Amino acid sequence: MTLDVHVRDLRYFVAVAEELHFTRAAERLYVSQPALSKQVRALERQLGIELFRRDRHGVALTDAGTALLPHARRVLADWAEGAAAVEAARAAQHSTLVVGMSTSPVRGGLLPAIRSRFTAGHPEAVIRLRQVNWEDPSAGLADGAADVAFVWLPLPGQERYDWTVVAEEPLMVALPDTHPLSDRTEVDFTDLLDEPFLALPKSTGPLRDYWLALDARDGRPPRIGAEIASTEETYEALTAGLGVCLVAAGNVPLLTLGGVTARPVRGVRPSRYVLAWRREDGRRPLVRAYAEACRRVTGRS
């Protein structure tokens, strides 16, 4: 028996089997009745057996036709599912990937390198960068405004996300040039316990606590000099002498623009900067491709 049966032939067979009427089946398929009859006859010749009994009383399935029908339906359903998967893959190739961030990654051309590697494999995809202020520590992931995002750990609702680490960096303290501690080459965190700190908005939850180094204070509450929600606000607050703040080593150039200095800090945990995505989106082709590009650029598994 030949196996070279076209999907179209099975579709014609199923239509006639369900209608048990060639004219109605032809109308359902938007083909002419003679063309449909011809194609069904050709399928029967290929299979070497009649699928329909035709007489003056009408059309009925033969035993062979009855046996074939559930399998033909299954093939058509599988084909429709496969075609949908191909269409989804095609659409993904032409879709836009939104990359959220609250702080631009100033780490050796990281973003251009990831973009270059990503677009080499997905030349039709469009990357759109979305800057989000620090009131949303997920940089757009939480509300679906971003597909992937460069963020700091810990994240509120962290169990919702997966990530790949971009950088693990020691912390430094940023302070005005006129601050007494600016003359030191290194600062112990115990020397900062009574200093007013610049704090992230309360909406950032555990991330605010991390940058205030609550776990290094032995239960002593921090003094809050001001709340900040962007790099610009942080710089202005520092130069105005409203407080000091911890900053990852890789972000020091964003704040030391004049009037601000940064010194290494002992006694605090290093920071973790990651590319994150919603856990349920981990199988999306563009999300996976961007994450893989990030891993290859940063040399992390």
Side-chain angles (χ1 to χ4, degrees), residues 101-111 113-114 134 137-139 149-156 158 161 163-200 204-220 222-226 228-235 237-239 242-276 294-295 297-301:
M101 64 185 67
S102 54
T103 304
S104 180
V106 286
R107 288 162 176 78
L110 177 71
L111 280 180
I114 295 174
W134 295 345
S138 76
F150 290 97
V151 296
W152 298 95
L153 297 182
L155 275 170
Q158 193 160 291
Y161 308 104
W163 58 80
T164 182
V165 176
V166 173
E168 295 183 74
E169 298 174 343
L171 295 185
M172 302 181 73
V173 60
L175 35 80
D177 284 347
T178 55
H179 195 285
L181 295 175
S182 65
D183 291 335
R184 298 190 184 180
T185 56
E186 192 175 49
V187 176
D188 194 284
F189 187 73
T190 57
D191 294 327
L192 299 171
L193 290 176
D194 294 323
E195 293 289 332
F197 264 69
L198 305 181
L200 293 176
T204 61
L207 193 59
R208 171 184 166 112
D209 295 345
Y210 170 77
W211 291 108
L212 292 173
L214 290 194
D215 63 345
R217 292 178 178 272
D218 293 325
R220 294 176 60 177
R223 292 177 56 203
I224 306 301
I228 39 88
S230 68
T231 303
E232 294 75 16
E233 288 184 14
T234 305
Y235 177 73
L238 287 167
T239 56
L242 299 181
V244 302
C245 70
L246 296 176
V247 58
N251 277 2
V252 165
L254 296 174
L255 295 176
T256 53
L257 305 175
V260 175
T261 191
R263 294 290 181 261
V265 181
R266 296 187 301 269
V268 288
R269 290 182 293 130
S271 63
R272 284 197 296 166
Y273 191 54
V274 305
L275 175 75
C294 181
R295 291 187 189 100
V297 168
T298 58
R300 294 177 180 270
S301 59

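Note that this is a predicted model, so its numbers are computed, not measured.
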Donor-acceptor pair, side chain of Tyr235 and main chain of Gly258, under 3.5 angstrom: yes
Determine yes or no for a side-chain-to-main-chain donor-acceptor pair under 3.5 angstrom, with Arg223 supplying the side chain and Gly243 the backbone. no
Could you check whether any side-chain N or O of Ser271 sits under 3.5 Å from a backbone N or O of Glu169, counting only pairs where one atom can act as donor and the other as acceptor? yes
Minimal heavy-atom distance between Val244 and Val173, with the atoms involved, is CB-CG2, 4.1 Å
What is the minimum heavy-atom distance between Ala276 and Val151, and which atoms define it? CB-CG2, 3.9 Å
Which heavy atom of Ala248 sits nearest a heavy atom of Trp152, and at what distance? CB-CH2, 3.3 Å
Search all heavy atoms of Pro222 against all heavy atoms of Leu212 and return the closest pair with its distance. CG-CD1, 4.0 Å
Only counting residues at least two apart or in another chain, list the ones meeting side-chain hydrogen bond (donor to acceptor under 3.5 Å, both in side chains) with Asp215. Arg269
Looking at every non-hydrogen atom in both residues, tell me the closest pair between Cys245 and Leu198 and how far apart they are. CB-CB, 4.0 Å
Keeping Ser182 on the side-chain end and Thr178 on the backbone end, is there a donor-acceptor pair under 3.5 Å? no
Taking only residues two or more places apart in sequence, or in another chain, which ones meet Trp134 in a ring pair (Phe, Tyr, Trp, His ring centres under 6.0 Å)? none
Spell out, as yes or no, whether a donor-acceptor pair under 3.5 Å connects the side chain of Arg263 to the backbone of Arg184. yes
